[in-house]
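Just below is one structure, and these are the notes that go with it.
Keep in mind that the numbers below use all heavy atoms, side chains included, and drop hydrogens, waters and symmetry copies. Proteins come first, then strands; the chains are lettered A, B, ... in the order of their sequence lines, and each starts at number 1.
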Amino acid sequence: MNMTATLKSDITPQGADYETVRQVIELITEDYRDQPSLEDIAARLKQPPTQLQKTFTRWAGLSPKAFLQAVTLDHAKRLLRQESMPLLETSIEIGLSGPGRLHDLFVTHEAMSPGEWKARGAGLTIRYGFHPSPFGQALVMATERGLAGLAFADDGNEQACLDDMTCRWPNATYVRDQEATAPYAARIFDPGRWRPEEPLRIVLIGSDFQVRVWQALLRIPMGKAVTYSDIAGELGQPTASRAVGAAVGRNPISFVVPCHRALGKSGALTGYHWGLTRKRAMLGWEAGKA
DNA sequence: TCTGATACCCGCT
DNA sequence: AGCGGGTATCAGA
């Protein structure tokens, strides 16, 4: 590993912080109308304000207040307005050379053939493991060809999370293998290891339409967002926004395929398979790294 | 403005 | 046939 990676590795977020952060996010979004102060929040979580501030900032790179700013409707609208349509088409060229994508996670993707998709994972061996992440317990799934699945669970929900993922490819063989999946987790959640020279290999297993939607998501740089209808337009089917939403929701490699960067046209977050709080957390966390 | 209800959209099961 | 991580439009608050 090179110098850059080593130097930056100490910003690796600590998985244990997420539970605290999750509660803070829930509080500030529930009560966003009356803008709770740090003291209010700390009191309700029964923690000293200074420690809470420290935990939160270590996790997000932003103070709770700045974070709140970053996940408001206004801010979301600004993300969308910046460059909605041209963004998807040009971001690859811009991104590889320009600063806009300097901190983004680079991936190379390949899609499974329609035949492989219909086989529902038959003949495929999928290794999986749970690892702490900035967004709770992360379930990592990988095939020989690369990362195939990434999901999230709150503590205690791991089994439901695993079931959710395994039934997507019911005919695959599943092997618990923490050792095989740990390197993926370590790399995905450490922005210091995101480098274009060594892109992360991922495998997209889904229907043709779904794969096209996921590929469009991959072109949204960190710190930007698009709407479901933007993606529909990109695919040449401007009225298919609802179908796009459904496909986005079935994204098996969440976070890496940045489905959290798809928002409603109003700027509302509208939904997230692993919980809206987590979507908010991802957007805020990225705001702190960008 | 903001919130609900309604109508239409489209790929997947 | 029916269900969504949608969207535009319109009626009441």
Side-chain angles (χ1 to χ4, degrees), chain A residues 22 25-26 29-35 71-81 84-85 87-88 111-122 135-136 139 149-154 157 160-161 163-172 204-220 222 224-286:
Chain A
R22 206 202 83 227
I25 295 173
E26 266 169 16
T29 47
E30 270 167 30
D31 303 340
Y32 72 101
R33 283 165 209 280
D34 36 276
Q35 303 264 322
V71 295
T72 55
L73 248 189
D74 272 357
H75 184 263
K77 285 182 186 163
R78 215 174 320 133
L79 288 185
L80 291 174
R81 213 156 290 153
S84 46
M85 274 303 279
L87 170 69
L88 284 173
M112 296 238 141
S113 70
E116 286 172 305
W117 162 238
K118 285 202 198 94
R120 310 304 240 135
F135 311 108
L139 169 59
L150 180 58
F152 296 94
D154 293 325
N157 268 42
C161 175
D163 293 343
D164 182 314
M165 292 303 288
T166 53
C167 68
R168 297 175 189 225
W169 312 297
N171 299 330
L204 266 18
I205 313 176
S207 72
D208 178 62
F209 182 80
Q210 288 171 334
V211 169
R212 286 193 300 147
V213 169
W214 301 337
Q215 287 171 338
L217 291 175
L218 281 171
R219 285 182 268 144
I220 312 170
M222 180 153 102
K224 300 282 194 315
V226 300
T227 67
Y228 299 99
S229 56
D230 286 339
I231 297 173
E234 175 77 6
L235 299 182
Q237 295 167 86
T239 57
S241 55
R242 186 135 200 191
V244 167
V248 170
R250 296 294 294 167
N251 164 33
I253 318 183
S254 77
F255 185 70
V256 171
V257 175
C259 51
H260 54 285
R261 295 179 201 151
L263 311 178
K265 200 156 209 173
S266 66
L269 269 52
T270 69
Y272 195 68
H273 190 78
W274 307 108
L276 266 184
T277 297
R278 202 166 259 114
K279 185 169 184 175
R280 236 168 239 123
M282 287 177 182
L283 289 166
W285 187 79
E286 291 189 341

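Atom CZ of A:R212 is separated from atom P of B:dC12 by 9 Å (rounded to the nearest Å). The distance between atom CZ of A:F209 and atom C1' of B:dC9, rounded to the nearest whole Å, is 11 Å. The distance between atom CG of A:L283 and atom P of C:dG5, rounded to the nearest whole Å, is 17 Å. The nearest whole Å value for the distance from the CG atom in A:L80 to the P atom in C:dG6 is 14 Å. Atom CD of A:Q210 is separated from atom C1' of C:dG4 by 13 Å (rounded to the nearest Å).
Residue A:T239 has its side chain nearest to B:dC9 when only B:dC12, C:dG5, B:dC9 are considered. Of the candidate nucleotides B:dC12, C:dG4, C:dG5, C:dG5 has the atom lying nearest to any side-chain atom of A:C259. The side chain of A:R120 sits closest to B:dT13 out of C:dG6, B:dT13, B:dG11. The side chain of A:W117 approaches B:dT13 more closely than any other nucleotide in the set C:dT7, B:dT13, B:dC10. Checking B:dT13, C:dG5, B:dC9 against every side-chain atom of A:R242, the shortest atom distance belongs to B:dC9. Looking at the side chain of A:T270, the nearest of the listed nucleotides C:dG4, C:dG5, B:dC10 is C:dG5.
Each of A:D230, A:T270, A:L269 was compared with A:L263 under the side-chain contact (heavy atoms from CB on, under 4.5 Å) criterion, and only A:L269 meets it.
Nucleotide B:dC9: unpaired (no Watson-Crick or G-U wobble partner with both distances less than 3.5 Å). With a 3.5 Å ceiling on both atom-pair distances, the Watson-Crick or G-U wobble partner of B:dC2 is C:dG12.
At a threshold of 4.0 angstrom between heavy atoms, the contacts of A:S266 with the nucleic acid are absent.
Heavy-atom minimum distance, A:R168 versus A:R250: NH1-O, 3.0 Å.
Note: A:I25 CD1 to A:K279 NZ = 14.0 Å, rounded to the nearest 0.5 Å.
Distance check on atom P: C:dG5 versus B:dC8 gives 22 Å, rounded to whole Å.
The side chain of A:Q237 places no N or O atom within less than 4.0 Å of a non-bridging phosphate oxygen (OP1 or OP2) of B:dC9. Between A:K265 and C:dG6 there is no side-chain polar atom (N or O) within less than 4.0 angstrom of OP1 or OP2. Within the 4.0 Å cut-off from OP1 or OP2 of C:dT7, at least one side-chain nitrogen or oxygen of A:S229 is found.
The cationic atom of A:R120 (NZ for Lys, CZ for Arg) lies less than 6.0 Å from the six-membered ring centre of A:W117 and within 45° of the ring axis.
Inter-residue side-chain proximity for A:F152 and A:F255 is flagged as met; some heavy-atom pair is nearer than 4.5 Å.
When each of A:R250 and A:L73 is assigned the nucleotide of DNA chain B with its nearest heavy atom, A:L73 is the one assigned upstream, toward the 5' end.
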